[in-house]
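What you are looking at is a predicted structure, and each value in this text was computed from that prediction instead of being measured.
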Amino acid sequence: MIRGLFLDIINQSIAAGYLIAAVIAARALLKRAPKIVCCILWLLVGIRLIMPFSIESVFSLIPSGVEVQNDIRQIAGANVADVPKETVAGTDTSVKTDYIDEETIWAMGNNHESPESVNRSYVFFSIASAVWCSGMGMMLLYLLFSWLRLGRRVRMSIPKEQGGIKYYQCETIDTPFLFGLVTPRIYVPSGLCGADLDYVLKHETAHAKRRDYLIKPAGYVLLTVYWFHPLAWAAYLLLCRDIELACDERVVRTLGGEEKKAYSLALLTCAVNRKTIAACPVAFGETGVKGRVKNIFRYKKPSFWAIAAAVIVVVVIAVCFMTEKSTADAAVNDSGGKQFVMVNNSKTQAAQNTVRDLGGINNTDIADIENEQLENDMDGAFLPAENLIVDTDAHNEITTHNYYINPESYVRQWAEAFCNRDGQAIIALAEEDMQEELSEAFGLSQGVNDNNEPYAAFGWSSPWPQGSSYRIVSASGSEAVILYYAWVSDPHVTVWREELSYTIRDGEFRVTSQDMQFLEGICVAEEFYAAYPDGVIDGTMMDYYAYNQAGEALNENAKNADMAPGAYAGLYQPDTAAINLLNLLKNQNKVTAVVEYTNEEKTEAVVTFAFLENASTAKVRMIKPYGKDSIWLPQTY
């Protein structure tokens, strides 16, 4: 769960980084505008950092992102907080565009050939997530420490009142500040009096009226989450400065020239030993005095046109940097592929042109391969170097290289076409002699419609894996394994395992054979691990609690007296729930289950399956996530 949440926080920070940079630039241009405009811009940044969804716009200036695919979420160990919401039919309904794509994460340690390499990515994200959590913990501890230390310093304060404003005088502080969340109080040092005290009270009262005592801690909490992002630190520091400037302007716009001087002198008087309050995330002190004094003396009531220009800037920044490009306009293909940049730009272009001319797939992954032996091992998965036609006007000299085409991009096309029931695409990707096999397996038929146009249609429609309900387990130069997740009406997920054989020659992909295994009624460990590789449930479509979002619906159905009697009764016991939800054979003569509770509340358990047919076993962890009277759901053991 933490790894997946961290992945989403990274994506969110990248998108928000563009907005922060735009606000910093706009802040420099709006020197003459009211400082409240800058505060509004920082409010937009805060909204962007917590916004759980994306708004698409053709006016967005944020570079196009690529969706985080399910495969990568499984590697990262994603959970409920970090996956797109899906309906019980398995259809993605609120896809969020992210900026860390699948190939980027795989490139951290995966070579698409060694399963062990996936673990490196998993370990990397585990370590990074732990560091992120540690950083948040340290910052929250500092918040608590600052609160307690400041509270201890002012607990002996003496309440007083001047001009109808109540404040607290304290001998242990050197500068005035506003402190508190629910009932903020103004604290001033004992030596402050006269006109200086009057101006300070006006300033701190302005803070209280603007609710700045809530904004600064909220900004610090966001900084705690995004502490690893340098622009987040810049945003927080500039927010604190702009809040002070806006508060000064609120006070001085009612003052005359001489009073401005007196107010500035009051700030200088209170500028002694201010670092403690400046660093405290729950108090407002007199900080950044030099810049504030300059701003006070050059302050003039803004004209209508200055205000109008500031409003336009705010609207433009909101439209251009709080939105993301439309997925239709982004022209990012479904494969989620990423182009690797060669040493030489002209070589890259030549390879792309060759793939295009030979009818290859779009957005092909191309990597420069120096090892000639690898070419022989891949059995024709390379584009020959002699096919590369290079522009003679290129500035760089071209040497002969081989270019390897990532087979997973092709396999993804097949899986997407299958899930979308695109019979025409399946026929186009399959060898001619496979058509009869596909017809027998899935009832795939071909013909010509009334408009004399060819069509291809599958024989049945439900259950069927919908949307992108699949996972590519492996993809080599000639073989691949794909898991499909088909929903039935319970809601319930069944697993289909497809083994593909194919050829890739001259940029052309053709499936030569396929075998589909419907993994229902599992009665041996081999089938169990075929459906759930390495026994992993968390972060996959079989994770009813945190991933596929069906757990709550099942729990509500089980409690509903109007539902079919006994249809969900088996979900109230860990062994029968595991058998039902993980598609095991319901026959005690072939499959038995032993339950071992792992906590005193009996809300967690380990179920051990014994497959009597070949004396094999498998284990799964079961939890009751919705209370003691809820159903049981499977998790990785």
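Within 6.0 Å of CG on D433 lie more than 12 heavy atoms contributed by other residues, nucleotides or ligands. More than 12 heavy atoms of other shown residues, nucleotides or ligands fall within 6.0 angstrom of atom CD in Q424.
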Solution key, residues 497-504 side-chain donor-acceptor pairs under 3.5 Å, sequence neighbours excluded:
unit_1	atom_1	unit_2	atom_2	d
R497	NH1	A530	O	2.9
E498	OE1	W414	NE1	3.1
E498	OE1	Y484	OH	2.7
E498	OE2	W414	NE1	3.4
S501	OG	S513	OG	3.4
Y502	OH	S476	O	2.6
Y502	OH	E479	O	3.0

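Across every non-hydrogen atom of L581 and M542, the tightest pair is O-CE, 3.5 Å. Considering all non-hydrogen atoms of both residues, D543 and A546 come closest at OD1-N, 3.1 Å. Taking every heavy atom of both residues into account, P625 and S630 meet most closely at N-OG, 3.9 Å. T636 and G535 make their closest contact through CG2-O, 3.7 Å (heavy atoms, listed as atom of the first residue, atom of the second, distance). For the pair N583 and Y532, the tightest heavy-atom approach, listed with the atom from each and the gap, is ND2-OH, 3.4 Å. P634 and M622 get closest at one heavy-atom pair: CA-SD, 3.5 Å.
At distances below 3.5 Å, not a single donor-acceptor pair connects side-chain atoms of S60 with backbone N or O atoms of S57. Counting only distance, with no hydrogens or angles, the side chain of D575 and the backbone of A593 share no donor-acceptor pair below 3.5 Å. Between the Q12 side chain and the R48 main chain, a donor and an acceptor come within less than 3.5 Å of each other.
By the 4.5 Å heavy-atom criterion applied to side chains, Q413 and F509 are not counted as neighbours. Residues F418 and P465 have side chains in contact (heavy-atom distance under 4.5 Å, counting atoms from C-beta outward). Annotation: side chain of S469 is not in contact with side chain of N548 (no heavy-atom distance under 4.5 Å). Residues C523 and N587 are not in side-chain contact: their nearest non-hydrogen atoms beyond the backbone lie 4.5 Å or more apart. Side-chain contact between W464 and W487: absent, with no pair of heavy atoms (C-beta onward) separated by less than 4.5 Å. In this structure, M434 and V511 have side chains that are in contact, with non-hydrogen atoms separated by less than 4.5 Å. Using a 4.5 Å heavy-atom threshold, the side chains of T576 and L571 count as separate. You'll find the side chain of P533 reaches within 4.5 Å of the side chain of R471, heavy atoms only.
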Quiz prompt | Test log, rule side-chain contact (heavy atoms from CB on, under 4.5 Å), inputs Y568 and I631 | solution = CA-CA 9 Å; Y568 299 93; I631 63 174; 5.9 Å; no
Quiz prompt | CA sep, side-chain torsions, deciding dist, call: Y226, L49, side-chain contact (heavy atoms from CB on, under 4.5 Å) | solution = CA-CA 9 Å; Y226 294 92; L49 288 172; 3.8 Å; yes
Exercise. Check step by step if side-chain contact (heavy atoms from CB on, under 4.5 Å) holds for I47 and M322.
Key: CA-CA 9 Å; I47 293 173; M322 288 194 70; 3.8 Å; yes
Self-check item: Intermediate values then yes/no, side-chain contact (heavy atoms from CB on, under 4.5 Å), Y626 and E552
Solution: CA-CA 8 Å; Y626 310 116; E552 291 186 10; 3.5 Å; yes
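From W496, atom CH2 reaches atom CD of E520 across 8.5 Å, with rounding to the nearest 0.5 Å. Of the inter-residue distances, the one linking N555 atom CG with Y572 atom OH reads 6.0 Å to the nearest 0.5 angstrom. Rounding to the nearest 0.5 Å gives a distance of 7.0 Å between CZ of F528 and CD1 of I522. Y637 contributes atom OH, which lies 14.0 Å from atom CG of D538 (distance to the nearest 0.5 angstrom). The CZ atom of F611 sits 9.5 Å away from the CG atom of L585 when rounded to the nearest 0.5 Å. The CG atom of L519 lies 9.5 Å from the OG1 atom of T494; values are rounded to the nearest 0.5 Å.
With sequence neighbours excluded, the residues forming a side-chain contact (heavy atoms from CB on, under 4.5 Å) with A425 are A417, D422, listed by chain and number. Residues satisfying the side chain to side chain donor-acceptor pair (under 3.5 Å) test with Q514, not counting sequence neighbours, are none.
When only modelled atom types and interatomic distance are considered, E416 and Y470 share a side-chain donor-acceptor pair under 3.5 Å. In this model, no donor atom of one side chain and acceptor atom of the other lie less than 3.5 Å apart for H492 and N580.
The existence of a salt bridge linking E408 and R412 is confirmed by a sub-4.0 Å separation between a basic side-chain nitrogen and an acidic carboxylate oxygen.
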